[in-house]
Structures are given as structure tokens and as C-alpha cells.
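Inspection log for the structure reproduced underneath, given as C-alpha cells.
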Number of protein chains: 2
Amino acid sequence: MSTQRELPPSRRIAETLRRAIADGTYQEGDKLPSERVLAATYNSARNTAREAINILATEGLVDVRHGSGAYVRRQVRMIRLGAERYSERTRRETGLSPFRAEALKQGKTVRVDVPDISRVIPPAIVAERLAVDPESKSVVQRVNHYYADDVPVQIGITYIPWEIAEGSVLASEAKTGTGSIYARFAELGHQITRVREEIAARMPRPEEAQILRTPPGVPVLDVVHTGIDQHGKPFEVTNFIMRSDLTGLDYSMAVED
Amino acid sequence: MSTQRELPPSRRIAETLRRAIADGTYQEGDKLPSERVLAATYNSARNTAREAINILATEGLVDVRHGSGAYVRRQVRMIRLGAERYSERTRRETGLSPFRAEALKQGKTVRVDVPDISRVIPPAIVAERLAVDPESKSVVQRVNHYYADDVPVQIGITYIPWEIAEGSVLASEAKTGTGSIYARFAELGHQITRVREEIAARMPRPEEAQILRTPPGVPVLDVVHTGIDQHGKPFEVTNFIMRSDLTGLDYSMAVED
DNA sequence: GCCACTTACTGGCTTAAGCCAGTTGGTTAA
DNA sequence: TTAACCAACTGGCTTAAGCCAGTAAGTGGC
């Protein structure tokens, strides 16, 4: 079936190392031979060995640490997201976000940092969806960082029109750090339903990769929600950037062999 | 704020080219200077210029064609997926899948190939969810390739227990190529509701990249649905692998500057 | 016992040169 | 006119050598 054409040296070394990792020759956390040693072993230039390791790093199989070595990455699959459809109902019944509900179900501790709450000029989509002025500082932005068992898993940015926020809706929750912003909305008489949801896969921006500690080559999920209140008026837009290697989806799913 | 440390040459060249693309010096479809020319222009080795182009290719900004050159990639944003929540209701009302509904709304033509229908050993998750034997060929697999205006956008794999399929449910639709498999289920008296949904972002496998024509560095969305019938019994598992650059999500969303 | 320093490793990135392979367009022979 | 060919490009990938920067462990002085 497959033509099995001769692999170029860098790919061949990468393939060999991949197998060695798969069959347990190198376990999670183990250090791979150094570039110079690999080059000598496979009778090739250091560049070539380096390229091989680069391929594995891009696949997220190994972590490369400058000055130290390349280590087999731990395959963390902690949070299983999106396990239930109709999460609006779930949210209303439990008062928990899908993330929080799932994390708690799995016995993970949850922590939410709120590194920034500020009045900003809205990104184009946000302005459009909330029907606010795209030129002035017409929205309040609240940034959340979510951790499960102290592992960063998700960044959330919630945008609310300034008139609605009145400087308090988002800020009032800041100190508690519970991040249960929907509960706060309810207290203030806003019953929010998420009516629109878009999702994409993309590579993280450098800042995001730093916060989420994603290895090179590992993409993130980028989800945008729009929430309307009980009068059908757009109330908030939330953008989540999630680590994709923590969602628990079994990648072998689509493998046919 | 940003330290702005001196960029190494390869990054510097990449950055320069990135800007040139952003400001329209190089338009969509334009050919970038060859590696050798770039190297001469920036007084560096060909390897360095090559690395710069590689960076842009990994970011999906350019397509590199062996023997021809590097071309500025067309930024296609055709299908906006997941525009509506509660797609179960939409499905029941319109009889269309979200993909099909959205594509039609945007005036795109839709084509579905069915390259494979076969009886297979189920992947682990499928066996678990459908409660079938994970060791024998207990499921029928139907592979769909979806095209919008002849651009490949999605791969779908539907799994149904062999006893239910009886060799006919999936096969009967094969020739028509409409891919409206839910309609066929309904005809046969199975009213299916999707109760579970998991999603991940990941890099495509080589075969997938080939089918979907994704450039290097562009991830795919990997979605798994489980459908139950009117008696609450798991009936089918569907796995979609989708191009993420066609979902229409504006990446500028989370950019703060 | 502790801390600072040294040293021998590690990866990061570059230059320079070369051969191979795919593409393209012009030229030549039928 | 057409088809085959060929030469001059293009990128793909490698070797070899070198310098820089980060890491970690050992060694010394205190």
C-alpha cells in the first residue's frame, strides 16, 4: 500500500527515536542522547541529528531544554472537555461552567487568576457582536487564567459593554478569584444564555504559549461565545484559548491501520 | 514593555518578509524571492534564508513548492462553523448537518465523497462508547470527504455496530453521495440524538494533511460525537477532522495591543 | 556546611559548499 | 504544429566546522 520510499537521514533518525519512545526504550521524562552523540551513532552531521530532534519537538513528543538536553514529554491528558452537550442546561442546573464541572468531577483542584480587568477598545468581532463603538474604549475586558491542579489549561477573556459593566460587574468578582462570573451576572439580574459559539484550532501566539506552557507544535483551541440576556440583547463575548493536549480526546480515534 | 532583543538573522529575515506580506508588498499568490536571492540580499547563507522561509511556511503564511518557489498563501475563510448552538434542534428542523446548513447559507456548493465503507475492528473509544467487542470486526465504518466549492474541508468517519448496520444502513447511501446519513437513519426508524461531543486541536496526520490540503503548521479540529437512538441506546460514533483555517474565526480576537 | 567559581557538557544558530530532485520555459527535431 | 528534449532555474537535504549561550556538577575557599 504505502510506497515506503527510503527516508532521508533526518527523518530516519526521527522515526527511530519515535519508535524507541513508543516501545518504552525511552520513558516519560528520560533524556535522549545529545545531538552530538546521536550524530556519531547514526554517522551523520550534528545538523542532521538536530533536525531529527526538532521534528519530534514539533510533534510535541519531546521537550528540548537549552543547555540540558531533549526529554521525553509527559503525555498529560487531564481534563476531558465538552463531555456533555447542551451545557447551557448543565450550567443552569449546577451553576458551574463546563470546565469547572468537569474538573471537579475528575477530582482536580481549580484555581482562577484574574491578571487583568481594564477598559479597552474592543476587537472588531466583539464590537460587532455587542454592537458597541469599535473606535473608543467601549468595553470592559476581564482576563482569566485557569489552572487545574496548578497546571495552566485555559485563558479566558470576557468582554462586556462599558455601560452595562459600570465598572463593577466584572471587578466585583476580581478579588474572590472564583471566576464564577455567571453567578455574579445572575445576582445583578442578568440571565445570560450563550447563543453563539465558534471554534477554531490554531497555533498559540508566543504570549499564549508562555502562559499555557504549550510545547512547540502543539495547537490551541480558540473558542468564542456570545451571550445574550433575557431580553435577547447581546451582553457579553467570551474568548477561550485552551490547551488542546489536555482535552482527553484519544488521538488514536481516526487511525486506520 | 517588550525587551526587543536583537533577533537572530533567520528570525529577522522572516520578520521582514512577514511585514512585506502584511503591508501588501507581496500579495496573495505572489512569489517570494528565491532562497539564493534572499541570502544574497540579506548577506547571509542560503540555509539562513531557507530557515526564514520555513518559519513563514510553518505559520501558514506561504506555500513552498519544490522546484518552483515560495508563494504567499491565499487566506481562505470560507465556512463559518458552529454559528448556532443547539444544533440538534436545527438539525431536526432542517434535516441538515451544521456543515451543510452553513455552507448552503453561504451559497457554497457541497459535495461528499464516500471513499470507503467497510467492516472494521473499532478503535478503543468507539468500542467503549458503542459497547461492542473491541477485538473483532464489530462495527461498520463509513468514511466521508466533504468539499465546499470543491475545496476539501472535512473528513468524517461514522461507526455503527455491525448488528444494527446489517450491511445496509451505511451502504445504502453510498451511491447517492448526499451524505445525509441522519435522514437515512430516520427512514429506518432510528431517531438519533447526539448526546456527547468532544473536541481537540491537533496537527493533522500526513494522510489527513494530504486529503485536506493543509499547509505545514496548520492544525485540524478533531471532533467526536456519540449518537443515541430514541431508546437511549448508543447508536453511532462520528469523528470529524476539520480544516481549522476555514472556520472563519477572526484570529485577531484575542490580540491585545 | 556553605557559597562562589570553574569547567565540561548541553542546545542555538550560523556559514559555506555541494549534490539531488522537481519545475518551467525555450529550443529543436519530427 | 506538435512533441521531445534540455538547460537553467527552483527547493530539499546533507556535511563540516565554528562560535555563542545556557546548565549542572564538581571544586575550591571560606
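A note on names: the letters A, B, ... follow the listed sequences, proteins ahead of strands, and every chain is numbered from 1. Scope of the values below: all heavy atoms of this structure, side chains included, with no hydrogens, waters or symmetry mates.
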Roughly how many Å is it from [atom1] in [X] to [atom2] in [N], rounded to a whole number?
X: Ile13(B); N: dC13(C); atom1: CD1; atom2: P; result: 14 Å
X: Ile53(A); N: dG11(C); atom1: CD1; atom2: C1'; result: 9 Å
X: Lys31(A); N: dG11(C); atom1: NZ; atom2: C1'; result: 10 Å
X: Asp63(A); N: dT10(C); atom1: CG; atom2: P; result: 18 Å
X: Tyr71(A); N: dT10(C); atom1: OH; atom2: C1'; result: 8 Å
X: Asn54(B); N: dG11(D); atom1: CG; atom2: P; result: 12 Å
X: Arg50(B); N: dA16(C); atom1: CZ; atom2: C1'; result: 15 Å
X: Glu35(B); N: dC13(D); atom1: CD; atom2: P; result: 11 Å

Distance-only donor-acceptor test (3.5 Å): side chain Arg36(B), base dG11(D): yes
Nearest-nucleotide comparison on DNA chain D, the residue closer to the 5′ end among Gly67(A) and Ser10(A): Ser10(A)
Between dT10(D) and Arg65(B), is there an OP1 or OP2 to side-chain N/O distance shorter than 4.0 Å? no
Is the phosphate of dG11(C) approached by Ser68(A) (side-chain N or O, under 4.0 Å from OP1 or OP2)? no
Can you list, by residue number, the residues of residues 41-48 of chain A that have a non-hydrogen atom closer than 4.0 angstrom to DNA chain D? Asn43(A), Ser44(A), Ala45(A), Arg46(A), Asn47(A), Thr48(A)
Say whether, by atom type as modelled, one donor and one acceptor occur between the side chain of Lys31(A) and the main chain of Ser68(A) under 3.5 angstrom. yes
Which is it for Lys137(B) and Ile121(B) under the side chain to side chain contact (heavy atoms under 4.5 Å, CB included) test, yes or no, and what are the steps along the way? CA-CA 4 Å; Lys137(B) 292 191 171 181; Ile121(B) 295 171; 3.9 Å; yes
Over all atoms of both residues, closest heavy-atom pair of Tyr71(B) and Gly29(B): CD2-O, 3.5 Å
Check each of Leu56(A), Ile13(A), Asp23(A) against Arg18(A) using the side-chain contact (heavy atoms from CB on, under 4.5 Å) test, and report the only one that passes. Leu56(A)
When Leu32(B), Val37(B), Leu38(B) are each screened for side-chain contact (heavy atoms from CB on, under 4.5 Å) with Ser34(B), the one that passes is Val37(B)
Going by heavy atoms in the side chains, are Tyr159(B) and Arg129(B) under 4.5 Å from each other? no
To the side chain of Pro8(B), which of dG11(D), dG22(D), dT14(C) is closest? dT14(C)
Quick one: do Arg19(A) and Glu15(A) make a salt bridge, cutoff under 4.0 Å? yes
